[in-house]
Q: 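One structure, pasted below without further comment.
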Amino acid sequence: MSGMTGPTDLPGGSTDLPGGSTAPVGGSTGLTDSAGNPLIRVLLVDDQDLVRAGLRGILRERFGFQIVAECEDGSGALAAVRAHAPDIVLMDVRMPVLGGIAATAQLAAAAPGTPVLALTTFNDDEALAGMLRAGAAGFVLKHVPAEELQRAVRVVAEGGAWLDPAVTAHVLEVYRETPARSPERSGALDRLTGRELDVLRLIARGRTNAEIAADLSVGEGTVKTHVNHIFTKLDLRDRAAAIIFAFDHGLTDDR
């Protein structure tokens with residue numbers, strides 16, 4: 001596969017056959033899992049053959065997933081999204097030609113309905129911070145157990161965010177060391193109540209809903225309500241976007 005940077009079609013997209021003909025496989029047949037649920041359609045973007053092979057093994061149809069295409073770098077991601085309409089893009093951070101940050105920014109601008117989950121290693125904190133700012137819905141470590149990766153892909157494909165706790169603190173530290181941007185939506189903060197601002201500050205520090213509930217001495221259900229109000233009032237997609245907003249508007253204690 002050396003030298004190829006565009007998408008490689010897999011079951012769920014189409015595959016080139018000898019003679020230049022193509023045969024549809026998977027995606028147009030409405031495949032479902034054993035419970036009758038539609039398979040989650042995944043686009044893999046990673047420059048390492050072994051990594052993609054491992055991901056194919058973890059995200060198999062028997063587990064509720066369908067790899068519709070692969071790219072060896074970010075340059076083919078947008079075209080692959082337009083051709084295969086995946087539910088989620090699993091994106092490596094550091095790749096040749098076009099890296100994960102630039103590719104994620106392209107997708108956020110041209111295909112905002114397709115969430116990106118970043119693949120990372122422990123020592124990629126600065127790049128991960130860039131991925132979140134570019135629009136990724138979260139990040140997961142490459143060496144996590146298969147069940148955790150599957151859970152992360154499901155959560156993000158369904159519109160949620162996934163921030164791996166093993167590296168979240170380090171990524172947030174990168175934000176704390178970066179000068180805050182000039183607020184572009186400061187007026188939006190006026191829509192939040194005092195308690196909602198408290199919750200948003202705690203989200204930016206990487207707190208879970210249960211931890212926020214303990215910090216504020218309220219029920220977890222109350223926290224969930226506040227979080228939903230924050231997302232609605234600030235027009236935020238998920239928790240990752242809330243963290244970006246909080247840091248961009250200087251809502252952290254150490255700024």
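Throughout, residue positions are numbered sequentially from 1 according to the sequence presented.
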Q: Which residues pass the salt bridge (charged side-chain N to carboxylate O under 4.0 Å, His left out) test with Arg60, not counting sequence neighbours?
A: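 Salt bridge (charged side-chain N to carboxylate O under 4.0 Å, His left out) check on Arg60 returns nothing, list empty.
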Q: Considering only residues two or more places apart or on different chains, which pairs with a residue in residues 209-222 satisfy salt bridge (charged side-chain N to carboxylate O under 4.0 Å, His left out)?
A: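 As it turns out, the salt bridge (charged side-chain N to carboxylate O under 4.0 Å, His left out) pairs with a partner in residues 209-222, which skip direct neighbours, are Arg207-Asp215.
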Q: Which heavy atom in Ala80 sits nearest to a heavy atom in Pro86, and how many Å separate them?
A: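 Nearest pair, atom of Ala80 first, then Pro86: O-CD, 4.3 Å.
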Q: How many angstroms lie between CD1 in Ile230 and CD in Glu196, if you round to the nearest 0.5 Å?
A: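 Output value for this atom pair is 5.5 Å.
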Q: Looking at Cys71 and Leu43, what are the two nearest heavy atoms and their distance?
A: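 Heavy atoms of Cys71 and Leu43 come nearest at SG-CD1, 4.1 Å.
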Q: List in chain and number order the residues that pass side-chain contact (heavy atoms from CB on, under 4.5 Å) with Thr225, two or more places apart in sequence or in another chain; answer none if no residue qualifies.
A: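 If we apply the side-chain contact (heavy atoms from CB on, under 4.5 Å) test to Thr225, skipping adjacent residues, the hits are His229.
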Q: Side chains of Val199 and Leu197, heavy atoms from C-beta outward: is any pair under 4.5 Å?
A: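 With C-beta onward as the side chain, the pair stays apart.
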Q: Taking atom CD of Glu148 and atom CH2 of Trp162, what is their separation to the nearest 0.5 Å?
A: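 That separation rounds to 5.5 Å.
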Q: Working to the nearest 0.5 Å, report the span between CD of Gln48 and CD of Glu72.
A: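 If we round to the nearest 0.5 Å, Gln48:CD and Glu72:CD are 11.0 Å apart.
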Q: With the side chain counted from C-beta on, respond yes when His249 and Leu189 share a heavy-atom pair under 4.5 Å apart, and no when they do not.
A: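 Yes - at least one pair of side-chain heavy atoms lies under 4.5 Å apart.
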Q: State, with a plain yes or no, whether a side-chain heavy atom of Val45 is found less than 4.5 Å away from one of Glu70.
A: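 Answer no - side chains too far apart.
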Q: How would you list, by chain and number, every residue that makes a side-chain hydrogen bond (donor to acceptor under 3.5 Å, both in side chains) with Asn209, sequence neighbours excluded?
A: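 Here the qualifying residues are Arg239.
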Q: Rounded to the nearest 0.5 Å, how far does CG of Leu119 lie from CG of Asp92?
A: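 If we round to the nearest 0.5 Å, Asp92:CG and Leu119:CG are 6.0 Å apart.
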Q: Just how far is it from atom NE2 of His143 to atom OG1 of Thr120, taken to the nearest 0.5 Å?
A: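 One gets 10.0 Å once the value is rounded to the nearest 0.5 Å.
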Q: For a 4.5 angstrom cut-off between non-hydrogen side-chain atoms, does Arg154 reach Leu149?
A: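 With C-beta onward as the side chain, the pair stays apart.
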Q: Can you give each donor-acceptor pair under 3.5 Å made by side-chain atoms of residues 103-117, sequence neighbours left out, with the distance rounded to 0.1 Å?
A:
unit_1, atom_1, unit_2, atom_2, d
Thr104, OG1, Gly100, O, 2.7

Q: List for me each residue that meets salt bridge (charged side-chain N to carboxylate O under 4.0 Å, His left out) alongside Asp198, sequence neighbours excluded, and say none if there are none.
A: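 Asp198: salt bridge (charged side-chain N to carboxylate O under 4.0 Å, His left out) contacts with Arg195, Arg201.
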Q: With rounding to the nearest 0.5 angstrom, report the CG to CG distance, Leu236 to Asn228.
A: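 One finds 11.5 Å between CG of Leu236 and CG of Asn228.
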Q: Phe65 versus Arg41: any side-chain heavy-atom pair under 4.5 Å?
A: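 Side chain of Phe65 against side chain of Arg41, heavy atoms only: no contact under 4.5 Å found.
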Q: Is it the case that the side chain of Gln150 and the backbone of Leu59 share a donor-acceptor pair, with hydrogens and angles ignored and the cut-off at 3.5 Å?
A: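 No: the side chain of Gln150 does not pair with the backbone of Leu59.
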Q: Is Arg52 salt-bridged to Asp47, going by a charged N under 4.0 Å from an acidic O?
A: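 No.
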Q: Quick one, Leu192 and Leu234 - any side-chain contact, counting heavy atoms below 4.5 Å?
A: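 Of all side-chain heavy-atom pairs linking Leu234 with Leu192, at least one is under 4.5 Å.
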